[in-house]
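The chains referred to below are lettered A, B, ... by the order of the sequence lines, with proteins before strands, and numbering in each begins at 1.
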Amino acid sequence: GGSFLFDSASELQSRSIHRRLRTQEKREMQKEILSILGLTHRPRPHLWNGKYNSAPLFMLDLYNALNVDKKNELDASWNPNKSVFTTQEHHLATVQDNAYLNEADMVMSFVNLVEYDRELSPNRRHHKEFKFNLSQIPEGEKVAAAEFRIYKECVGTAFHNETIQLSVFKVVGKRLDRDADLLLLESRQLWAVDEGWLEFDITATINLWVMKPHHNLGLQISVQTSIGENINPKEAGLVSQGGPLEKQPFMVAFFKVKELHIRTPR
Amino acid sequence: SVGKPRQQSRNRSTYPQEAQKGPGQTVDHNSSDQKTACRKHELYVSFRDLGWQDWIIAPEGYAANYCDGECSFPLNAHMNATNHAIVQTLVHLMNPENVPKPCCAPTKLHAISVLYFDDNSNVILKKYKNMVVRACGCH
């Protein structure tokens, strides 16, 4: 119930302009700030999976990295001899992400919409599918970079000292009576004992999905052992549905504004 | 040169005592002027008080600041006055009825980053330019 714009305490004492806003005024002010933020309405997110899913955590890392950079800029302006490099603790964001971040006007993460594994054909029974809703990308944004990120845990005994091959596919066609048509985007050899986030560049795919939303049929992954045997990605340590929240796969896209946003006159 | 008298309401420009003084006359620039001089003031916008914590992850709010104060003769370097503002101040002294004082306005604006959820629980990190007043000056 407090007012949302206020002067500092000292100024409050010296001025008498401070007052509580009426409900209607507050609503008008909220509308105005939403308009500045480029939003037509107040978002109502469904936080059934918690705020501390991997995607919000990753984004918070990026946000903190931005603010550390800003603080360093300020420090440098006070003391030019002071080094602007500080140690940053990034749990998720990589150096590459920070490079994208400096160029980007907007970063957006997308949660995987596939909650439960669907029964795929026997040929594809070890494939995992991922889907992302790109419908809320504002118009006029150009995708500068996009990554699909999946977490791999260390696999203990079963494949010790072995390599596995992880392949990421784009679904390019779906028919009722047969397997989906897939296009291989990238294949990567991994050690079974590797642990950490794996990033796959899917910039071209996202650009296509933004331009032609009906092409957005999702991604699939498959895992093969060194002798070419298909295994369940879970056995290879790849975290998906049912795994820890902070290790859930997600997609992130870095955008550059293509055109000037003009606010609608009221 | 001074054209037609201007309709002027926003600028607190015309003071009777100054109107009576010519440009050659001494103006008393004592310490009280410093209190009303153009400078940056603190203004905090709280997303928390708006009740937006459920969708704005960070920040809780930000110091937007604002500029307020007089742009009176002499405009010194500390006030980030433009050359035009200095000239306008001098002309204002000569024609206070017709020419207003320069405006106290932001000279340096900075961006903020906002991290928020959209309706689909996707997370957006966006930079918004010109949201924070870093310095004020006379224009």
For this session: Taking side chain to side chain donor-acceptor pair (under 3.5 Å) as the test, write out the residues that go with K247(A), two or more places apart.
Result: E153(A)
Looking at [atom1] of [X] and [atom2] of [Y], how far apart are the two atoms once the value is rounded to the nearest 0.5 Å?
X	Y	atom1	atom2	result
F132(A)	N122(B)	CZ	CG	9.5 Å
R42(A)	D119(B)	CZ	CG	10.0 Å
E141(A)	I124(B)	CD	CD1	9.0 Å
L115(B)	L66(A)	CG	CG	10.0 Å
M59(A)	Y116(B)	CE	OH	9.5 Å

Problem set entry | Contact class of A104(A) relative to chain B, heavy atoms under 4.5 angstrom | backbone
For this session: Check whether L37(A) gets within reach of chain B through its side chain, its backbone, both or neither, counting any heavy atom under 4.5 Å.
Result: both
Do the non-hydrogen side-chain atoms of [X] and [Y] ever get within less than 4.5 Å of each other?
X	Y	result
L125(B)	M108(A)	no
Y63(A)	V123(B)	no
I57(B)	L60(A)	yes
W52(B)	I33(A)	yes

Problem set entry | side chain to side chain contact (heavy atoms under 4.5 Å, CB included) partner of S121(B), the single match among P43(A), P45(A), P56(A) | P45(A)
Exercise. By salt bridge (charged side-chain N to carboxylate O under 4.0 Å, His left out), which residues pair with R48(B), not counting sequence neighbours?
Worked result: E60(B)
